[in-house]
Amino acid sequence: MEAIWFPLYLSLKVAATATFIAFIAGVLLAWLFTMKKNIWTETLSLLIMLPLVLPPTVLGYYLLVGLGRRSWLGQWYETLTGSPLVFTWQAAVIAASIAALPLIVRPMQAAFESISRQSLEAAQLDGANQWQLLIRIILPLSVQGILAGLILGFARAMGEFGATLMVAGNIPGQTQTLSIAIYDAVQANRMDDAHLMVVVLSVITIGFLFLITRTGKRAV
């Protein structure tokens with residue numbers, strides 16, 4: 001059991017933090033994609049979807065280059081904190097956030113777009129600005145889509161492996177998430193540990209799928 005406690009704790013910590021970050025970004029992006037339809041938002045929407053089609057190692061390589069010590073972002077982070085960003089749990093959060101973002105944006109955007117345009121136009125005629133539309137009308141009427149996006153995003157962040165391994169590494173006690181710990185246990189022929197961790201991760205994932213199903217049924 002000792003072999004899974006830290007990976008499980010780190011996975012939950014990374015997944016929760018990544019889901020929160022992706023949720024904030026997802027709300028703003030879904031609102032932008034709903035309200036603004038032009039070549040720039042369509043291009044940005046395609047870029048947001050790339051983690052769904054790119055091999056995880058390719059996504060991880062891009063992150064490794066973009067966050068590495070030679071990149072401006074990596075140098076800025078190191079100047080600010082005194083330590084490099086790559087091969088830290090914070091790097092794992094960034095990888096998980098980017099992987100989860102498209103799964104959060106799509107359900108939210110679908111929920112936003114299902115809201116009657118007449119309702120939005122009526123609110124605008126009453127003097128509501130774009131921010132008030134988002135906070136007072138769009139978000140309250142999109143609770144099911146938001147919840148579905150959050151659950152999907154958390155489940156994706158919880159199971160993230162390839163990109164996390166590339167940018168955060170496999171350092172026991174520091175950056176080793178549950179998915180990476182399973183891989184490590186199999187490589188070391190610690191099959192009892194691997195079996196236990198697989199069961200734990202499967203139970204968590206199936207639990208979130210159950211929540212998705214329940215959420216979908218209530219949305220119908």
Side-chain angles (χ1 to χ4, degrees), residues 1-26 48-60 63 89-111 143-188 190-220:
M1 288 295 290
E2 292 182 0
I4 76 166
W5 284 122
F6 181 81
L8 177 59
Y9 159 74
L10 183 62
S11 292
L12 292 171
K13 178 180 175 181
V14 167
T17 308
T19 303
F20 176 76
I21 294 171
F23 169 72
I24 300 298
I48 295 298
M49 294 301 115
L50 280 181
L52 293 180
V53 296
L54 282 176
T57 50
V58 174
L59 176 62
L63 290 174
W89 75 270
Q90 290 89 345
V93 168
I94 294 174
S97 299
I98 293 175
L101 187 58
L103 295 174
I104 291 179
V105 169
R106 280 306 187 207
M108 287 187 185
Q109 184 179 351
V143 171
Q144 298 297 342
I146 292 171
L147 188 58
L150 281 174
I151 293 170
L152 282 171
F154 185 86
R156 179 67 180 83
M158 189 72 188
E160 165 52 34
F161 174 77
T164 301
L165 183 62
M166 290 285 287
V167 76
N170 178 18
I171 307 174
Q174 296 185 38
T175 66
Q176 190 181 68
T177 61
L178 198 56
S179 296
I180 296 174
I182 293 170
Y183 172 79
D184 193 56
V186 172
Q187 291 293 306
R190 292 185 287 109
M191 299 309 295
D192 288 342
D193 288 341
H195 293 330
L196 182 58
M197 288 185 281
V198 166
V199 169
V200 170
L201 191 56
S202 297
V203 167
I204 293 173
T205 304
I206 292 170
F208 275 100
L209 286 175
F210 176 76
L211 286 177
I212 291 171
T213 303
R214 299 289 299 174
T215 301
K217 286 181 178 178
R218 285 198 298 268
V220 173

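Small disclaimer: the values here were computed from a predicted structure and weren't measured. Values below: every heavy atom of this structure, side chains too, minus hydrogens, waters and symmetry copies.
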**OP:** Quick one: closest heavy-atom pair of A22 and S97, and the distance?
**Re:** CB-O, 3.9 Å

Subject >> Distance (rounded to the nearest 0.5 Å) between M108 CE and L147 CG >> reply: 9.5 Å

Subject >> Non-hydrogen side-chain atoms of M158 and L12 separated by less than 4.5 Å >> reply: yes

Subject >> Spacing of I104 atom CD1 and L152 atom CG [to the nearest 0.5 Å] >> reply: 8.5 Å

**OP:** Not counting sequence neighbours, list each pair that qualifies as a salt bridge (charged side-chain N to carboxylate O under 4.0 Å, His left out) and has a residue in residues 163-172.
**Re:** none

**OP:** Give, for atom CG of L101 and atom CD1 of I48, the distance between the pair rounded to the nearest 0.5 Å.
**Re:** 4.5 Å

**OP:** Output every pair passing salt bridge (charged side-chain N to carboxylate O under 4.0 Å, His left out) with a member in residues 157-175, not counting sequence neighbours, ordered by first then second residue.
**Re:** R156-E160

Subject >> Residue from I206, V200, V199 passing side chain to side chain contact (heavy atoms under 4.5 Å, CB included) with V203 >> reply: V199

Subject >> F20: side-chain contact (heavy atoms from CB on, under 4.5 Å) partners, not counting sequence neighbours >> reply: I24

**OP:** Mind checking side-chain contact (heavy atoms from CB on, under 4.5 Å) for A92 and listing every partner two or more places apart, or none if nothing turns up?
**Re:** V14, T164, A168

Original post:
For A111, which residues count as a side-chain contact (heavy atoms from CB on, under 4.5 Å) partner, sequence neighbours excluded?
Top reply: S142

Original post:
Nearest 0.5 Å, what's the OG1-CD1 distance between T19 and I151?
Top reply: 10.5 Å

Subject >> Results of side-chain contact (heavy atoms from CB on, under 4.5 Å) for P56 - residues two or more places apart only >> reply: none

Subject >> Residue pairs fulfilling ring-ring contact (aromatic ring centres under 6.0 Å, His included) with at least one residue in residues 90-111, sequence neighbours excluded >> reply: none

Subject >> Separation of F6 CZ from T175 OG1 (nearest 0.5 Å) >> reply: 8.0 Å

**OP:** Assess whether side-chain contact (heavy atoms from CB on, under 4.5 Å) is satisfied between L103 and L52, documenting all intermediate values.
**Re:** CA-CA 8 Å; L103 295 174; L52 293 180; 3.9 Å; yes

Original post:
What closest approach, in Å, do P51 and L59 show between heavy atoms, and which atom pair accounts for it?
Top reply: CB-CD2, 4.1 Å

Original post:
Roughly how far, to the nearest 0.5 Å, is the CG atom of L196 from the CG atom of D192?
Top reply: 9.0 Å

Original post:
Residues in side-chain hydrogen bond (donor to acceptor under 3.5 Å, both in side chains) with Q90, at least two apart?
Top reply: T88

Which donor-acceptor pairs under 3.5 Å do side chains of residues 178-188 form with protein atoms, sequence neighbours excluded?
unit_1: S179; atom_1: OG; unit_2: G159; atom_2: O; d: 3.3
unit_1: D184; atom_1: OD1; unit_2: N170; atom_2: ND2; d: 3.3
unit_1: D184; atom_1: OD2; unit_2: Q176; atom_2: NE2; d: 3.4

Subject >> Contact check, side chains of F23 and I146, non-hydrogen atoms, under 4.5 Å >> reply: yes

Original post:
After noting the C-alpha distance and the side-chain angles of I94 and V167, does the key distance pass the side-chain contact (heavy atoms from CB on, under 4.5 Å) rule?
Top reply: CA-CA 9 Å; I94 294 174; V167 76; over 6 Å; no

**OP:** Please name the pair of heavy atoms, one in A18 and one in A157, separated by the smallest distance, quoted to 0.1 Å.
**Re:** CB-CB, 4.3 Å

